[in-house]
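Report on one structure; see the data block that follows.
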Amino acid sequence: MTIAIIDYGMGNLHSVAKALEHVSENERVTITRDPRAIKGATRLILPGQGAIRDCMSELEHTELTGLVKEMLADGNKPLLGICVGQQMLMDKSDENGGVWCLGYMPGRVRHFDDTMRDADGNRLKVPHMGWNRVHQHHMHPLWEGIPTGERFYFVHSYHVQAEEDAHVMGYIDYGTVRAHVATGRDATFAVQFHPEKSAGAGLRLLSNFIQWSP
Amino acid sequence: MTLAKRIIPCLDVDGGRVVKGVNFVGIRDAGDPVEVARRYNEQNADEITFLDITASHEKRGTTLEMVSRIAGEVFIPLTVGGGVRTCDDIRALLNAGADKVSINTAAVTHPEFVREAAERFGSQCIVVAIDAKRVSDEGESPRWEIFTHGGRTPTGLDAIEWAQKMVDYGAGELLLTSMDRDGTREGFDIGVTRAISDAVSVPLIASGGVGSLDHLVAGVKEGGADAVLAASIFHFGEYSVEDAKRYMAEHGIEVRL
């Protein structure tokens with residue numbers, strides 16, 4: 001039983017690895033870019049941090065784009081996308097002047113409007129940073145034991161707008177924006193928030209991922 | 001509005017030990033940062049900030065080891081500041097398990113470093129710390145300047161313009177400390193907090209001067225801060241982070257309980 005965190009050079013992978021190690025019992029957690037190790041793993045984590053153009057191009061440079069697409073198309077190995085890893089699964093992002101992504105779920109990645117204000121007239125800051133309530137839109141094994149409206153930790157300026165309701169697993173409201181912060185299809189689940197930094201709720205989600213047999 | 005205002009306890013760490021005294025009720029030796037971080041995590045802290053005041057290079061390794069130990073068992077965001085001067089410093093801290101790094105003096109002496117760091121690691125992990133001091137006299141329209149070396153060295157930089165510049169350069173968050181209030185327990189400097197919070201699009205952490213729970217409320221309500229940072233009111237068990245959150249919630253502030 002191996003969980004492979006796909007290391008294409010972007011993101012702070014150590015935090016994810018440490019949180020997974022904390023909740024796993026028999027699983028080995030490995031950070032790797034070796035295609036054989038990725039193919040051989042029981043579960044995959046697709047992380048991502050920073051600009052999406054860099055994430056997509058680094059995935060290409062490490063020659064992992066094809067492999068990741070292949071795994072997604074097979075649809076039988078559990079994969080968890082985190083942060084930009086969620087955004088990469090969409091068709092296209094508006095960041096960096098427009099970047100084509102993996103196209104696994106129809107949808108778009110958009111920037112938060114940084115002129116929004118709250119009821120008291122205070123600016124709503126971008127990046128959207130901190131703990132927000134995640135409302136569960138569809139039931140999913142990864143939500144097991146986590147109440148709807150639970151808070152998770154976020155830090156991002158772009159957010160997912162999925163086209164198909166069936167793919168939206170959870171959302172947040174920020175100002176006038178409803179962002180699809182959890183999306184899923186077949187054996188893939190992806191979140192905008194950082195489960196590895198979301199205290200008990202986040203660890204529960206990671207533990208649910210380890211238990212999940214789609 | 002559903003994003004919670006954050007409460008961030010701050011620890012001063014030297015050579016891997018918490019200094020400036022932390023004394024939770026019921027804990028004999030609170031000098032171990034891991035133990036302190038664990039305690040704050042149990043109290044539902046939203047993040048933890050470490051200020052590494054280690055002067056010598058040799059002791060720096062101890063700090064990295066400490067960050068790594070904390071990151072292995074406390075699963076909330078960790079920010080580490082103090083002596084961050086190069087991209088290698090940042091890389092080492094992130095690899096050890098820090099989620100954000102806070103850049104202070106190096107931003108003043110070499111602003112391009114902030115741009116370089118944000119490009120390399122992403123704005124989400126680059127916090128710029130701003131130490132501001134009021135330089136206008138009573139009756140004049142208020143003006144604050146950036147100071148370095150613990151508030152001793154003026155730089156001539158206007159605090160609001162500087163904050164905007166740092167955001168343009170890629171800072172994802174600002175940590176504002178009022179050097180007039182730091183250590184006084186008289187409350188945040190609301191004027192500079194409000195002025196900078198209104199002037200920038202990124203989140204602002206208010207720091208310096210917290211002596212009561214009302215100060216935390218004022219920082220958010222009057223100052224417009226997105227997060228409040230405090231040290232001594234939490235260290236001595238006077239209030240727990242949980243007490244602070246409940247008090248803020250009673251005053252109509254959205255917090256994570």
Side-chain angles (χ1 to χ4, degrees), chain A residues 10-19 21-23 48-52 54-55 83-84 112-135 149-157 172-175 194-203 206, chain B residues 1-8 41-42 44-47 67-78 91 93-100 118-125 127 167 172-174 194 197-205 220-221 223-227 252 254-257:
Chain A
M10 297 298 288
N12 184 355
L13 314 177
H14 300 267
S15 293
V16 183
K18 281 178 168 171
E21 277 160 8
H22 190 80
V23 295
Q49 224 167 51
I52 200 156
D54 297 340
C55 287
C83 196
V84 181
F112 278 114
D113 173 6
D114 60 12
T115 61
M116 295 190 296
R117 292 189 179 262
D118 68 13
D120 300 324
N122 293 314
R123 277 179 98 144
L124 289 183
K125 303 303 182 67
V126 178
H128 169 248
M129 186 187 286
W131 299 77
N132 205 339
R133 290 187 184 281
V134 175
H135 304 282
E150 181 64 86
R151 290 186 190 274
F152 287 87
Y153 183 79
F154 290 86
V155 47
H156 61 125
S157 301
I172 55 150
D173 288 317
Y174 190 50
H194 289 270
E196 75 280 13
K197 288 291 155 186
S198 296
L203 294 176
L206 292 176
Chain B
M1 191 49 198
T2 46
L3 187 65
K5 299 296 178 184
R6 288 168 284 152
I7 303 194
I8 308 174
N41 182 45
E42 281 163 12
N44 232 354
D46 296 312
E47 286 184 40
V67 170
S68 167
R69 280 173 58 216
I70 292 165
E73 54 175 298
V74 173
F75 301 100
I76 58 175
L78 303 178
R91 166 74 60 207
L93 286 167
L94 295 179
N95 281 346
D99 299 287
K100 304 185 230 181
E119 272 170 17
R120 188 116 153 239
F121 304 102
S123 289
Q124 81 287 337
C125 64
V127 182
V167 173
E173 189 174 33
L174 300 176
R194 173 53 78 178
S197 184
D198 284 346
V200 299
S201 57
V202 304
L204 177 77
I205 307 167
V220 171
K221 287 202 141 178
D226 301 282
E254 186 146 357
V255 291
R256 166 182 160 257
L257 286 168

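Every value quoted in this text rests on a predicted model; they were computed, and no experiment measured them. Below, each value reflects all heavy atoms present in this structure, side chains not excepted, and no hydrogens, waters or symmetry copies. Residue numbers start from 1 in every chain, and the chains themselves are labelled A, B, ... in the order their sequence lines are given, proteins ahead of strands.
- For B/S123, no part sits under 4.5 Å from any heavy atom of chain A, backbone or side chain.
- Looking at heavy atoms from C-beta onward, B/E47 lies out of side-chain contact with B/I76 at the 4.5 angstrom threshold.
- In this structure, the side chain of B/S201 does not engage the main chain of A/D114 through any donor-acceptor pair within 3.5 Å.
- With A/Y174 contributing its side chain and A/K125 its backbone, the two residues share a donor-acceptor pair below 3.5 Å.
- At a 4.5 Å heavy-atom cutoff, the contact between B/D226 and chain A is made by side-chain atoms alone.
- Counting heavy-atom pairs closer than 4.5 Å to chain B, the top-ranked of the candidates A/H128, A/E21, A/R123, A/H156 is A/R123.
- Per-residue counts of heavy-atom pairs under 4.5 Å with chain A were compared for B/D99, B/V255, B/L94; the largest is that of B/D99.
- Chain B forms the most heavy-atom pairs under 4.5 Å with one residue out of A/A51, A/G130, A/S157, and that residue is A/G130.
- A/F154 CZ to B/L3 CG: the interatomic distance, rounded to the nearest 0.5 Å, is 9.0 Å.
- Here B/R194 pairs with B/D198 under the salt bridge (charged side-chain N to carboxylate O under 4.0 Å, His left out) rule; sequence neighbours left out.
- Contact check for B/S68 versus A/K18: side-chain heavy atoms found under the 4.5 Å cut-off.
- The aromatic rings of A/H194 and A/Y153 sit tilted relative to each other, their planes meeting at an angle between 30° and 60°.
- Heavy-atom distances place no part of B/K221 under 4.5 Å from chain A, backbone and side chain included.
- For chain A, the option among B/G122, B/G72, B/A96 with the highest count of heavy-atom pairs below 4.5 Å is B/G72.
- Using a 4.5 Å cut-off between heavy atoms, B/R256 contacts chain A through both its backbone and its side chain.
- Neither the backbone nor the side chain of B/A227 comes within less than 4.5 Å of any heavy atom of chain A.
- Contacts with chain A were tallied for B/E119, B/K100, B/E73, B/R120; B/K100 has the most, counting heavy-atom pairs under 4.5 Å.
- Contacts between A/R133 and chain B at a heavy-atom distance below 4.5 Å involve backbone atoms as well as side-chain atoms.
- Looking at heavy atoms from C-beta onward, A/Q49 lies out of side-chain contact with B/C125 at the 4.5 angstrom threshold.
- Side-chain contact check for A/K197 versus A/S15: some heavy-atom pair is nearer than 4.5 Å.
- Heavy-atom distances place the backbone of B/A199, and not its side chain, under 4.5 Å from chain A.
- The greatest number of non-hydrogen atom pairs below 4.5 Å with chain A, out of B/V74, B/L78, B/V202, is found for B/V202.
- The line from CG of A/D173 to OG1 of B/T2 is 5.5 Å long, rounded to the nearest 0.5 Å.
- In this structure, chain B has heavy atoms under 4.5 Å from both the backbone and the side chain of A/A199.
- Heavy atoms closer than 4.5 Å to chain A are found nowhere in B/A118, neither backbone nor side chain.
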